[in-house]
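Below is one structure, written out as structure tokens; comments come after it.
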Number of protein chains: 4
Amino acid sequence: MPPRAGSSDAPRSFVEEARRAQIVQCTIEIIASLGYAQASLASIAERAGISKGVISYHFAGKDELIAQVYTSVMTKVAGKVLATVEAQPRAAGKLRAYIEGSIAFIADHGQEAVALLEIWNGLRTHTGQQVLDARTYEPGLEFLQAIFRQGQADGEFRRFTPRAMAVAVRSVIDGVLIQRATYGAAVDLAEASREAVALFEAATRATPDDTVRSKGPARRKRR
Amino acid sequence: MPPRAGSSDAPRSFVEEARRAQIVQCTIEIIASLGYAQASLASIAERAGISKGVISYHFAGKDELIAQVYTSVMTKVAGKVLATVEAQPRAAGKLRAYIEGSIAFIADHGQEAVALLEIWNGLRTHTGQQVLDARTYEPGLEFLQAIFRQGQADGEFRRFTPRAMAVAVRSVIDGVLIQRATYGAAVDLAEASREAVALFEAATRATPDDTVRSKGPARRKRR
Amino acid sequence: MPPRAGSSDAPRSFVEEARRAQIVQCTIEIIASLGYAQASLASIAERAGISKGVISYHFAGKDELIAQVYTSVMTKVAGKVLATVEAQPRAAGKLRAYIEGSIAFIADHGQEAVALLEIWNGLRTHTGQQVLDARTYEPGLEFLQAIFRQGQADGEFRRFTPRAMAVAVRSVIDGVLIQRATYGAAVDLAEASREAVALFEAATRATPDDTVRSKGPARRKRR
Amino acid sequence: MPPRAGSSDAPRSFVEEARRAQIVQCTIEIIASLGYAQASLASIAERAGISKGVISYHFAGKDELIAQVYTSVMTKVAGKVLATVEAQPRAAGKLRAYIEGSIAFIADHGQEAVALLEIWNGLRTHTGQQVLDARTYEPGLEFLQAIFRQGQADGEFRRFTPRAMAVAVRSVIDGVLIQRATYGAAVDLAEASREAVALFEAATRATPDDTVRSKGPARRKRR
DNA sequence: CATGAATGAGTATTCATTCAT
DNA sequence: TATGAATGAATACTCATTCAT
């Protein structure tokens, strides 16, 4: 009787897919405006103009709904960011594109971004969480680490631990998002983007020492 | 009769102070292990091996308890960090001391640090919160901004927006904390500390241009 | 989603209306038998054979439930009493109809009457009550005062303060109700009604002095 | 160990009696100002400047405390009223003295009077109440009934059911008290007293018929 | 597919009472 | 005697979930 108990093989009908999308969208709005803790199924249903039962009908439970929201937003942000990053040939360009793209996403899709952060914070220590847990963060970090390893191999970047820098980049972007969530439009995201880019360019740029070590003589660089 | 109805001037007895401290400690442990949302009075009482009523007896309500936890940890972290920061004469030294001190606190008092972060995240969207709200973050940021303004005035730091850099520093430290909370002892905090220090030294260090601009005739800009 | 969040315009379904009526009825019974203070949602739910949540589902809160009980009973008693009162052309007849009607209501709907009194008593000192407060008594008093003013203008009634007499009438009726609530069927309400009517007829009847003052010569009245 | 478990034979010491009196007085004040339902042991102890335990030490429980308050106030009111009533030789005078004395008590000892009313209302349907119940009202009614029987025997009063009239007198006095409790000093108690006296004089006064019936030939009844 | 209704475990808080000191 | 501390049951209310229609 429950139509979608997680792992069904039958494809979803068009209407069903539409309902799910609508519910996911309303969930994003509710989470962004009220916070994760206040996002009850009742408030989501009310905003969607449907009854609570509908949500239970289309999702196995609140956990699946939240996971779906998470996946949905992550897919969207990946679509926005990854392409422009990959378009850059060099690591420094990729890093810049990643930061600018991420903050642009915050600017253009504030609700989705805030919802993502709320979910991640709200679920981090949720005991016995199976659908979503802290490790969900990993793919994003791995993507950044790859950029850093490339840049270090190419001599563009100085010596640093790729993972530590990856964590730092993500943290700074999340910090910008928190500022935006807290203070709203008063936060100048264009400035935040420029500053973050400058910060990490300075932080990653190869020094003469790095150049020497990695390439050979290389005298008189940037004299 | 609840002994502390908000504004009493009578000093607390030794026993009462001990109970309060015990409850605060258990609250920290519960928040650190289960998360802010799951930290119910019932779970705290259970961990403390007391009845729920005891908490209500010693604290005016959950709000006061949480505020007490927050104040308690903040006082502790300030005691650890501020002194060493102020001992540094120059801005660069202060920044290094701030980062090292903060990560050292994470290493030495992981639970307290995680609890602090959880409270802050949990309260961010908690509507109608009076004891504690998002602006509580501000003093910490202001402290960092003062360091950056000093460093820029002295020509130690390059040109950047002090607030943006302050948010970045705090975010990176919080990021290290989240890594620690997620992966436990597997995270090498000593390395994280070194990397963060190096990151922000590189990110803030004055370039020749800055030096020129702030000190000398400023000929031949970025030739 | 609670179906009635205070101000909805949608009409209530038949089933919902029935449930609400059932809960209101059980609340009346509980209040009448145990008293206002003991009328907890738990006891009401138990008597109704439902879970506590059902009450919360159909009513915004205990306040709304109590207000509904109050309104419901007040409407009923007004329907029984007011029509017969208005049917009387003269003030003396109205007063008699009011007293007889009120005590007849006690006889026929003892539980409702007791519940009304309990609510009124229970709410009198209930601080910060918004849905219902002590002034709710006023309309009933005003209604009686109007009768007395009419009777005095027509010379049917002697000189007295209308408000004081109104308070007295209500008090005596409430006193009869309390006797009934305390001693049950042992109280002869028919006798109580006759006695109350006789009491207030004697207490309000115009004396020769009043007649003289209000009309002029008026000799030989009821000689 | 509990010093006064209701039925101890040892006399109370002076200090103990003083403590009890103090607690009783504070209870009266709290009940009068906050209402019976809000009169918790905590609030009473706070007002008395003692700890909750003291109350439990001196009284077997809250029930005994309330009963003590009741008895205490009843004794006081009886002392004020009964003497002046008994001083009157004729029934009409006694009735007048009773009403005037009772309302004077309300005027002079508003708190005690309100507390009495609150207790009586609050306890009326208190399940399994042993220390105090509705029958406590009886002695007061019996006292009034005796006056009415005397007055009827003497031909001062008309024919009516003594009990009904007794209930009416008590109800009207309680009504005045409720007005006072609700509207405070805005209620003119002197006027209320005059009106109540006039009301019951008119309501009880023997008519010619009564006189005839009880004394003379009784011709021409209500022609 | 959708709904309204119902459930039951969960939340913080209050309070009379007990008891060791 | 008196106190502060602790208890445990009770309070109203919330919410994810289930289910018959």
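Numbers restart at 1 for each chain; the letters A, B, ... are given by sequence-line order, proteins then strands.
Counting to the nearest Å, the C1' atom of F:dT11 and the CD atom of C:Glu46 are 15 Å from each other. The distance from atom CG of D:Leu65 to atom C1' of E:dC15 is 14 Å, rounded to the nearest whole Å. Rounded to an integer number of Å, the gap from D:Ile55 CD1 to F:dT1 P is 16 Å. Distance D:Ile66 CD1 to E:dC15 P: 14 Å, rounded to the nearest Å. When rounded to the nearest whole Å, the span between CD of C:Glu64 and P of F:dA12 equals 15 Å. The nearest whole Å value for the distance from the CD1 atom in A:Ile23 to the C1' atom in E:dA2 is 11 Å. The interatomic distance linking D:Arg20 (CZ) with F:dA2 (C1') rounds to 16 Å, in whole Å. Here E:dA12 presents its C1' atom at 11 Å from CD1 of B:Ile44, a figure rounded to the nearest Å.
A heavy-atom distance below 4.5 Å is not found between the side chains of C:Ile28 and C:Val114. Here the side chains of C:Leu117 and D:Asn121 are not in contact, with every heavy-atom distance at 4.5 Å or above. In this structure, the side chains of A:Val73 and A:Ile119 stay at 4.5 Å or more apart for every pair of heavy atoms. Side chains of C:Phe59 and C:Thr27 form no contact here, defined as non-hydrogen atoms less than 4.5 Å apart. Under the 4.5 Å side-chain criterion, counting only non-hydrogen atoms from C-beta, C:Ile23 is in contact with C:Ile50.
Phosphate contact (OP1/OP2 of E:dA2, side-chain N/O of A:His58, threshold under 4.0 Å): present.
Closest non-hydrogen pair, C:Gln68 versus C:Arg20, comes out as OE1-NH2, 3.3 Å. Here the shortest heavy-atom pairing between D:Gln111 and D:Ala32 reads O-CB, 3.7 Å.
Qualifying salt bridge (Lys or Arg N to Asp or Glu O under 4.0 Å) partners for B:Arg19, counting only residues two or more places apart in sequence or in other chains: none.
Considering only side-chain atoms of B:Ser56, the nucleotide from E:dT18, E:dT13, E:dA5 that sits closest is E:dT13.
The neighbour count for B:Glu46 CD, taken as heavy atoms of other residues, nucleotides or ligands under 6.0 Å away, does not exceed 12.
Atom C1' of F:dT21 sits at a distance of 12 Å from the matching atom of E:dC1, rounded to the whole Å.
If B:Gly61 and C:Glu17 are placed on DNA chain E by their nearest nucleotide, the residue sitting closer to the 5' end is C:Glu17.
Between its two ends, the helix from E:dA2-F:dT21 to E:dT21-F:dA2 turns its axis by 20°, counting five pairs per end and rounding to 10 degrees.
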Review item, nucleotides 7-11 of chain E N/O atoms under 3.5 Å of protein N/O:
residue: E:dT7; atom: OP2; partner: C:Ser51; partner atom: N; Å: 2.9
residue: E:dT7; atom: OP2; partner: C:Ser51; partner atom: OG; Å: 3.3
residue: E:dT11; atom: OP1; partner: B:Ser40; partner atom: OG; Å: 3.1

